[in-house]
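Here the structure is laid out as structure tokens; the discussion comes afterwards.
Note: hydrogens, waters and symmetry copies are ignored here, and every other heavy atom, side chains too, is used. Residue numbers begin at 1 in each chain, while the letters A, B, ... track the order of the sequences.
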Amino acid sequence: MLPREYLRENAQRLLAEMPERFGKAGLETYVELDRERRDAVTKLEQMRRRRNELSAIKGTPAPEALEEMKALKEEIRALEERAEQADQTLAAVEKIVPNVPQASVPRGKDETANVVERSWGAPPQFAFPAQAHWDLGPALGILDFERGVKLAGARFTVLFGAAARMSRALIQFFLDVHVDEQGYTEVLPPFLANADSLFGTGQLPKFAADLFQTTEGYYLIPTAEVPVTNLHRDEILPADKLPLLYTAYTSCFRSEAGAAGRDTRGMIRQHQFDKVEVVMLVRPEDSAAALEALTAHNEELLRRLELPYRVVSLSTGDLGFASAKTYDLEVWLPGMNAYKEISSCSNFEAFQARRASIRLRRAEGEKPEFVHTLNGSGLPVGRTLVAILENYQRADGSVAIPKALQPYMRGLKEIVGSGL
RNA sequence: GGAGGAGUGGCCGAGUGGUUGAAGGCGGCGGUCUUGAAAACCGCUGUGCCGGAAACGGUACCGGGGGUUCGAAUCCCUCCUCCUCCGCCA
């Protein structure tokens with residue numbers, strides 16, 4: 001969310017400058033409606049003041065005072081209704097207005113305006129036709145798409161043997177680097193969350209269709225970002241507790257509504273996948289540097305696994321709803337002959353903190369202010385597994401295991417089939 | 001899931017329809033005193049919103065929401081959370 005006083009001043013400018021981002025939020029009538037609400041509130045409070053004066057008299061009020069109070073009651077009720085209605089309309093708009101991109105974010109209508117910041121490693125040159133993981137995996141007996149469909153449905157996959165073990169190894173490897181080397185605190189949160197939590201990070205109300213919901217009203221988390229960021233919802237943190245760095249492994253659940261036909265083959269886009277996430281809560285003045293650090297932390301994982309990747313700065317047309325600036329890490333996938341998103345590292349500034357009311361107090365007696373939140377994938381297990389299978393494949397259909405991962409796979413150096 | 005109990009300010013804890021943002025205490029901040037500190041004493045000590053350049057003024061908030069009333073922390077309904085006991089269970 002953006003502050004009301006900010007929208008009051010900037011609604012028209014945002015609409016004019018970035019129609020690709022702010023065009024559909026209903027900002028056109030915002031300023032006018034805000035004026036209406038404040039007029040109503042001012043009148044309302046004058047009447048309540050009068051009522052309070054009258055009811056401050058001890059004992060049973062005089063008949064004429066009683067008359068006035070009865071009249072006031074009706075007027076107050078009418079004004080309350082007017083103010084409430086205006087407030088609700090404003091609030092509904094505020095909940096779906098996206099965050100304001102930082103000045104350094106490339107301007108453009110969609111992902112074609114994204115800017116490649118840097119690349120690392122070179123795509124492997126194969127002396128044989130490279131296979132996609134949806135051919136490699138089943139041939140090795142470690143990925144089973146048909147049985148995933150049988151057990152649950154489309155966009156579910158069953159992993160066997162080396163693939164299952166490698167998933168477990170990747171989770172361990174990612175967490176170890178974050179915790180032992182990069183200073184994060186490990187968290188194991190609930191995989192279901194309530195509506196307040198999903199509102200706090202920005203998935204609700206606008207993206208309800210992307211979530212799985214239980215009959216009891218819980219939501220399956222689409223990312224660990226939700227429970228971990230909300231850890232400090234409705235809290236005021238002392239400044240010396242910041243920055244807070246968290247990392248968490250969770251399963252993630254996404255309905256992928258609106259993704260029909262996209263990435264239907266293989267396990268690139270699943271309803272359920274495992275992911276290690278990193279989350280930071282920092283002082284506002286530190287968030288720009290924190291985004292660079294967080295991005296570098298996740299790049300480090302790809303470097304250790306020796307997977308070629310590039311870093312892309314998302315344009316205003318591609319930037320996520322809550323983000324002020326995002327770097328996507330894209331890993332090279334030989335099977336697609338393209339770079340594919342594997343991590344999204346974002347600075348949300350105060351956008352989520354405002355929704356979730358996460359504040360800091362710099363010193364005793366000072367006003368609380370909103371923290372800045374950031375997060376990034378570090379990394380998703382499924383897509384990393386896919387990247388390893390495709391980049392480390394050999395002519396005979398076997399797959400080498402990255403050196404960094406071998407200690408996590410009891411020294412295993414290659415995958416030749418599901419039987420270990 | 002069943003039965004019972006409880007939710008008040010940073011914390012403890014009064015308050016059962018009328019000057020209650022809310023007694024009292026603790027903690028915190030400022031001051032007096034002191035060479036310094038402690039003790040003692042005095043004062044201050046929440047958040048949102050509206051108005052205001054500001055000082056400040058107003059208004060709302062006693063777990064959340066709704067209702068009764070001229071007036072609600074106090075009465076009614078509902079939801080949530082916590083505690084105790086029973087049941088079930090990894």
Closest to side chain of [X], choosing from [options]:
{"X": "Arg37(A)", "options": "C49(B), G51(B), G58(B)", "value": "C49(B)"}
{"X": "Pro368(A)", "options": "C49(B), G51(B), U47(B)", "value": "U47(B)"}
{"X": "Arg359(A)", "options": "G48(B), C50(B), U59(B)", "value": "G48(B)"}

Same-atom distance ([atom1]) from [N] to [M], integer angstrom:
{"N": "G10(B)", "M": "A3(B)", "atom1": "C1'", "result": "36 Å"}
{"N": "U84(B)", "M": "G28(B)", "atom1": "C1'", "result": "36 Å"}
{"N": "G1(B)", "M": "C12(B)", "atom1": "P", "result": "29 Å"}
{"N": "G13(B)", "M": "A72(B)", "atom1": "P", "result": "28 Å"}
{"N": "C33(B)", "M": "A53(B)", "atom1": "P", "result": "41 Å"}
{"N": "C88(B)", "M": "U81(B)", "atom1": "C1'", "result": "22 Å"}
{"N": "G15(B)", "M": "G25(B)", "atom1": "C1'", "result": "15 Å"}
{"N": "G24(B)", "M": "U34(B)", "atom1": "P", "result": "30 Å"}

**Q.** 5'-most by nearest nucleotide on RNA chain B - Gln46(A) or Arg35(A)
**A.** Arg35(A)

Q | First of Arg49(A) and Arg8(A) reached from the 5' end of RNA chain B, by closest nucleotide | A |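 Checking each residue's closest nucleotide, the 5'-ward one belongs to Arg8(A).
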
Q: Looking at every strand, decide which applies to Arg354(A) at a 4.0 Å heavy-atom threshold: base, sugar-phosphate, or nothing.
A: nothing

Using Watson-Crick or G-U wobble geometry with both distances under 3.5 Å, which nucleotide pairs with [N]?
{"N": "G4(B)", "answer": "C83(B)"}
{"N": "C61(B)", "answer": "G46(B)"}
{"N": "C26(B)", "answer": "G10(B)"}
{"N": "A55(B)", "answer": "none"}
{"N": "C88(B)", "answer": "none"}
{"N": "U35(B)", "answer": "none"}
{"N": "U68(B)", "answer": "none"}
{"N": "U20(B)", "answer": "none"}

Gap between atoms [atom1] and [atom2], on [X] and [N] respectively (whole Å):
{"X": "Met47(A)", "N": "G51(B)", "atom1": "CE", "atom2": "P", "result": "17 Å"}
{"X": "Glu5(A)", "N": "G51(B)", "atom1": "CD", "atom2": "C1'", "result": "15 Å"}
{"X": "Arg362(A)", "N": "G28(B)", "atom1": "CZ", "atom2": "C1'", "result": "20 Å"}
{"X": "Leu44(A)", "N": "A60(B)", "atom1": "CG", "atom2": "P", "result": "9 Å"}
{"X": "Asp196(A)", "N": "C79(B)", "atom1": "CG", "atom2": "P", "result": "18 Å"}
{"X": "Ile236(A)", "N": "G28(B)", "atom1": "CD1", "atom2": "C1'", "result": "15 Å"}
{"X": "Glu45(A)", "N": "C61(B)", "atom1": "CD", "atom2": "P", "result": "11 Å"}
{"X": "Lys43(A)", "N": "U59(B)", "atom1": "NZ", "atom2": "P", "result": "18 Å"}

Q: Indicate, with yes or no, if the rings of Phe351(A) and Phe321(A) have centres closer together than 6.0 Å.
A: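 Between Phe351(A) and Phe321(A), the centre distance is under 6.0 Å.
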
Q. Taking the six-membered ring for Trp, are Tyr408(A) and Phe173(A) ring centroids under 6.0 Å apart?
A. yes

Q) At under 4.0 Å, does any side-chain N or O of Arg361(A) touch on OP1 or OP2 of G46(B)? A) no

**Q.** Phosphate OP1/OP2 of G58(B): any Arg48(A) side-chain N/O under 4.0 Å
**A.** no

Q) Could you go step by step and tell me if Arg304(A) and Glu181(A) meet the salt bridge (charged side-chain N to carboxylate O under 4.0 Å, His left out) rule? A) CA-CA 13 Å; Arg304(A) 300 250 185 126; Glu181(A) 302 180 35; 2.4 Å; yes

Q. Do NZ/NE/NH1/NH2 and the carboxylate oxygens of Arg48(A) and Glu80(A) come within less than 4.0 Å?
A.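 Salt bridge: yes.
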
Q | Electrostatic pair Lys43(A)-Glu75(A), nearest N-O below 4.0 angstrom | A |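 Salt bridge absent between Lys43(A) and Glu75(A).
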
Q: Count the heavy atoms of every other residue, nucleotide or ligand shown that sit under 6.0 Å from CZ of Arg13(A), and state whether that count exceeds 12.
A: yes

Q. Can a donor-acceptor pair be found between the side chains of Asp274(A) and Ser251(A) at a distance below 3.5 Å?
A. yes

